[in-house]
Amino acid sequence: MAGLALAMGGWNNNITVYLIQEFNMKSIDAAQITNILNGCINLFPIVAAIVADSYLGCFSVIVISSSLSLLGLILLTLTAILDTLKPPPCESGSSLCQNPSKPQLAILYVSLALASLGAASTRFTLATMGADQFSD
């Protein structure tokens with residue numbers, strides 16, 4: 001969990017720069033995506049808490065959300081490593097920059113959605129699970 005939290009902090013703090021430099025996005029678009037991600041990361045714990053308390057339990061939600069987060073981080077790492085999953089590089093400010101294709105954007109958005117959903121769902125559910133050990 002500590003590794004996933006550290007990884008989430010790393011990609012979340014650098015996602016705007018990554019979108020601008022590697023995916024040739026305009027800064028306003030990259031900032032908008034970052035704001036949406038941060039909003040989801042702050043909203044998803046409420047949904048995860050309801051699911052954990054009403055249906056699955058804390059441990060199941062933590063296992064599922066950790067797996068989703070790991071899958072999202074793996075996909076995000078693949079977008080950074082594999083050249084076919086991102087547009088070709090170009091100089092900053094150049095008008096000849098190629099935009100990402102729809103499949104490239106789809107993989108990027110799926111990876112960000114999985115990583116943020118998983119990270120947010122474990123955030124407060126883990127604390128609740130820790131507090132449950134003192135309930136007896």
Side-chain angles (χ1 to χ4, degrees):
M1 287 310 303
L4 283 175
L6 188 63
M8 194 281 285
W11 72 258
N12 192 27
N13 289 330
N14 294 304
I15 194 67
T16 305
V17 174
Y18 179 70
L19 293 174
I20 293 169
Q21 291 183 352
E22 298 296 325
F23 274 81
N24 305 331
M25 289 189 180
K26 295 179 182 175
S27 59
I28 190 70
D29 294 334
Q32 186 177 23
I33 291 169
T34 302
N35 287 335
I36 290 170
L37 284 172
N38 285 330
C40 290
I41 288 171
N42 289 316
L43 184 64
F44 284 155
I46 297 169
V47 176
I50 292 169
V51 170
D53 288 344
S54 300
Y55 302 105
L56 299 177
C58 289
F59 185 75
S60 297
V61 169
I62 290 171
V63 169
I64 292 167
S65 59
S66 296
S67 300
L68 289 176
S69 184
L70 183 61
L71 180 62
L73 288 174
I74 290 170
L75 280 174
L76 190 59
T77 302
L78 288 176
T79 65
I81 294 173
L82 300 176
D83 291 333
T84 57
L85 295 179
K86 61 184 173 185
C90 68
E91 291 184 29
S92 291
S94 174
S95 61
L96 302 174
C97 293
Q98 183 179 349
N99 291 329
S101 66
K102 288 186 181 185
Q104 290 171 336
L105 283 176
I107 292 172
L108 175 70
Y109 292 153
V110 166
S111 69
L112 292 174
L114 289 173
S116 62
L117 175 66
S121 298
T122 58
R123 202 161 92 189
F124 293 112
T125 310
L126 188 63
T128 305
M129 189 175 164
D132 282 347
Q133 67 183 332
F134 298 115
S135 63
D136 292 334

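Worth knowing before you read on, the calculation uses all heavy atoms, side chains too, and leaves out hydrogens, waters and symmetry mates.
- When the side chains of ILVMFWY residues are joined at heavy-atom separations under 4.5 Å, either directly or via intervening members, F44 and Y55 end up in a single hydrophobic cluster.
- There is a path of hydrophobic side-chain contacts, each under 4.5 Å, that joins L70 to L78.
- Checked by atom type and distance alone, the side chain of S69 never pairs as donor or acceptor with a backbone atom of S65 at under 3.5 Å.
- Of all heavy-atom pairs spanning T122 and S66, the tightest one is CG2-OG, 3.6 Å.
- Between atom CD of residue E22 and atom CD of residue Q104 there is a gap of 11.5 Å, rounded to the nearest 0.5 Å.
- L37 and L43 end up in different hydrophobic clusters when Ile, Leu, Val, Met, Phe, Trp and Tyr side chains are linked at under 4.5 Å.
- In this structure, the side chains of L117 and S121 come closer than 4.5 Å at one or more pairs of heavy atoms.
- A heavy-atom distance below 4.5 Å is not found between the side chains of Q32 and I28.
- In this structure, I15 is a member of the same hydrophobic cluster as Y109, with clusters built from ILVMFWY side-chain heavy atoms closer than 4.5 Å.
- For A120 against I41, the heavy-atom pair with the smallest separation is CB-O, 3.3 Å.
- Once rounded to the nearest 0.5 Å, the distance linking CG of L71 with CG of L75 reads 5.0 Å.
- Looking at N24 and C90, their side chains come closer than 4.5 Å, going by heavy atoms from C-beta outward.
- With hydrophobic clusters built from ILVMFWY side chains whose heavy atoms lie under 4.5 angstrom apart, I107 shares a cluster with L82.
- Looking at D29 and F23, their side chains never come closer than 4.5 Å, going by heavy atoms from C-beta outward.
- The OG atom of S67 sits 11.5 Å away from the CD1 atom of I62 when rounded to the nearest 0.5 Å.
- The side-chain heavy atoms of L108 and L76, taken from C-beta on, include a pair separated by under 4.5 Å.
- Across all non-hydrogen atoms, the minimal contact from T16 to A31 is CG2-N, 4.4 Å.
- At a threshold of 4.5 Å between non-hydrogen side-chain atoms, the residues M25 and L105 count as touching.
- Interatomic distance, CG of N38 versus OG of S116, reported as 9.5 Å (0.5 Å rounding).
- Residues A80 and K86 come closest through the heavy atom pair O-NZ, 2.9 Å.
- Across all their heavy atoms, A115 and W11 have their closest contact at CB-CZ2, 3.6 Å.
- Once rounded to the nearest 0.5 Å, the distance linking OG1 of T79 with CD1 of I74 reads 12.5 Å.
- Here the straight-line distance linking atom CD1 of I33 with atom CD1 of I20 works out to 10.0 Å at 0.5 Å rounding.
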